[in-house]
**Q** 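The structure under discussion is supplied below as structure tokens; questions concerning it will follow.
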Amino acid sequence: MHPGTRRRSGFYWLTITLLIIGFLIGDADSVWKRREDKTKCPKVKGIRNFDISEFLGLWYIVQYYASSEEALVYRCMRAELSVSPENAEVTMNFTYSFTDDPINELLVGNITWKIPSPDLPAHWMHAELSYEGVYNTYVLDSDYKSWALLMHCAEKSKSPRYLSSFIMSRKANLGANVISYLREKLPRYDIDLEYMFPMDQRQCNKTENSEDMLMPTMAPAKRSHITRRHPLKRKHRGQ
């Protein structure tokens, strides 16, 4: 066989071999994706060198995602964060209304997390005993002064995982370029941006009585007979 012919033949078989390896790797990757465990939270790392003291205070929720919801049911959601240094707990008190409420009643709620490790202050775990499972919250990114990105993931026995996320701002609105920057961080955690909805922060009423910070479990009968749930305690549903 002519030397040039042997070189061409060797190149041909090398090309075929590389194509076969590529197909096998691609097929293995697709199988892994199909077999991804949707009951477990993805591996998440919170922001590095997180300064929780700079993060506290009032935030507006400007975009909202929850894996159990295919439409935005809330408006005027705002959160105020505080921390208890005695027991390493973070508390979020927040207000919100339902989009279908004709009188735009402002409801109040709260949720408390423990900081499991002082070395990882951007990772919080649900501290309320009423929740039977694992509920992690991560501060994914923040500049402290104007914007922040939170992600929540809950695991419960024999249930699909529950994912939610907040894009937050110190003001009622946030620049489109910042929102795009923060949204791009979410798909890696299996968050579908199609269901990441803008939160309306216009014409929000003030709550006159904030003594009881527990979320009512039932909307008034004149408006609805459907049980209303706390936005961070939604019943888990398949994604």
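All values below were derived from every heavy atom in this structure, side-chain atoms included, with hydrogens, water molecules and symmetry-related copies excluded.
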**Q** Between Glu89 and Lys114, does at least one N-O distance fall below 4.0 Å, as a salt bridge requires?
**A** yes

**Q** Taking all non-hydrogen atoms of both residues into account, name the closest pair between Met92 and Ala79 and its distance.
**A** CG-CB, 3.7 Å

**Q** Taking the side chain as C-beta and beyond, is there a heavy-atom pair between Leu149 and Ser165 under 4.5 Å?
**A** yes

**Q** Is there side-chain contact between Val44 and Tyr189, with at least one heavy-atom pair below 4.5 Å?
**A** yes

**Q** Pairing donors with acceptors under 3.5 angstrom, does anything connect the side chains of Gln201 and Arg78?
**A** yes

**Q** Looking at Asp200 and Arg202, is there a salt bridge between them, counting it only when a charged N and a carboxylate O are closer than 4.0 Å?
**A** yes

**Q** Given His152 and Asn136, is the side chain to side chain contact (heavy atoms under 4.5 Å, CB included) satisfied, shown in steps?
**A** CA-CA 6 Å; His152 317 278; Asn136 293 291; over 6 Å; no

**Q** Is it the case that Ser180 and Asn177 place a side-chain donor and acceptor less than 3.5 Å from each other?
**A** no

**Q** Let's go through Tyr65 and Tyr195 carefully: what are the C-alpha distance in whole Å and the side-chain angles of both, what is the deciding distance for ring-ring contact (aromatic ring centres under 6.0 Å, His included) to 0.1 Å, and is it a yes or a no?
**A** CA-CA 6 Å; Tyr65 169 87; Tyr195 298 102; 7.4 Å; no

**Q** How close do Ala148 and Ser142 get, counting heavy atoms only, and between which atoms?
**A** CB-OG, 3.6 Å

**Q** For residues Leu193 and Leu163: do they belong to one hydrophobic cluster (side chain heavy atoms under 4.5 Å, members Ile, Leu, Val, Met, Phe, Trp, Tyr)?
**A** yes

**Q** Drop me the distance from Tyr135's OH to Cys153's SG, to the nearest 0.5 angstrom.
**A** 9.0 Å

**Q** So which atom in Gly46 and which in Tyr138 form the shortest heavy-atom distance, rounded to 0.1 Å?
**A** N-CD2, 4.1 Å

**Q** Mind checking the OG1-CG spacing from Thr99 to Asn104? Nearest 0.5 Å is all I need.
**A** 10.0 Å

**Q** Is Phe197 linked to Tyr181 within one hydrophobic cluster, defined over Ile, Leu, Val, Met, Phe, Trp and Tyr using a side-chain heavy-atom separation of less than 4.5 Å?
**A** yes

**Q** Could you tell me if the side chain of Val139 sits less than 4.5 Å from the side chain of Trp124, heavy atoms only?
**A** yes

**Q** Can Glu80 and Trp59 be said to form a side chain to side chain contact (heavy atoms under 4.5 Å, CB included), step by step?
**A** CA-CA 6 Å; Glu80 186 162 7; Trp59 291 95; over 6 Å; no

**Q** About how many Å separate OG of Ser164 and CD1 of Ile191, when rounded to the nearest 0.5 Å?
**A** 7.5 Å

**Q** Can you find a side-chain donor-acceptor pair between Ser169 and Trp147 that sits under 3.5 Å?
**A** no

**Q** Looking at Tyr64, Phe166, Tyr74, which hits ring pair (Phe, Tyr, Trp, His ring centres under 6.0 Å) with Tyr96?
**A** Tyr74

**Q** Do we see a donor-acceptor contact under 3.5 Å between the side chains of Asn173 and Tyr60?
**A** no

**Q** Do the non-hydrogen side-chain atoms of Thr95 and Met77 ever get within less than 4.5 Å of each other?
**A** no

**Q** May I ask you to test the Thr112-His126 pair for a side-chain heavy-atom distance under 4.5 Å?
**A** no

**Q** Step by step, work out the side chain to side chain contact (heavy atoms under 4.5 Å, CB included) result for Thr137 and Leu150.
**A** CA-CA 7 Å; Thr137 292; Leu150 256 64; 4.2 Å; yes

**Q** Identify the heavy atoms of Ala154 and Cys41 that sit nearest to each other, and give their distance.
**A** N-SG, 3.8 Å

**Q** Between Phe50 and His123, does the ring centroid distance fall short of 6.0 Å?
**A** no

**Q** What's the verdict on side chain to side chain contact (heavy atoms under 4.5 Å, CB included) for Gln63 and Arg183, showing C-alpha distance, side-chain angles and the deciding distance?
**A** CA-CA 9 Å; Gln63 291 212 359; Arg183 283 171 61 97; 2.8 Å; yes

**Q** What's the spacing between Lys145 NZ and Lys171 NZ if we round to 0.5 Å?
**A** 12.5 Å

**Q** Can we say Arg75 and Asp101 salt-bridge, meaning some charged N sits less than 4.0 Å from an Asp/Glu carboxylate O?
**A** no

**Q** Measuring only between side-chain heavy atoms, which start at C-beta, is Leu107 closer than 4.5 Å to Phe98?
**A** yes

**Q** To the nearest 0.5 angstrom, please state how far the CG atom of Leu174 sits from the CD1 atom of Ile167.
**A** 7.5 Å

**Q** Rounded to the nearest 0.5 Å, what separates atom CE in Met151 from atom CG in Asp141?
**A** 14.0 Å

**Q** Do the non-hydrogen side-chain atoms of Ile115 and Ile52 ever get within less than 4.5 Å of each other?
**A** yes

**Q** Hey, are the side chains of Lys40 and Glu155 touching, using non-hydrogen atoms and a 4.5 Å cut-off?
**A** yes

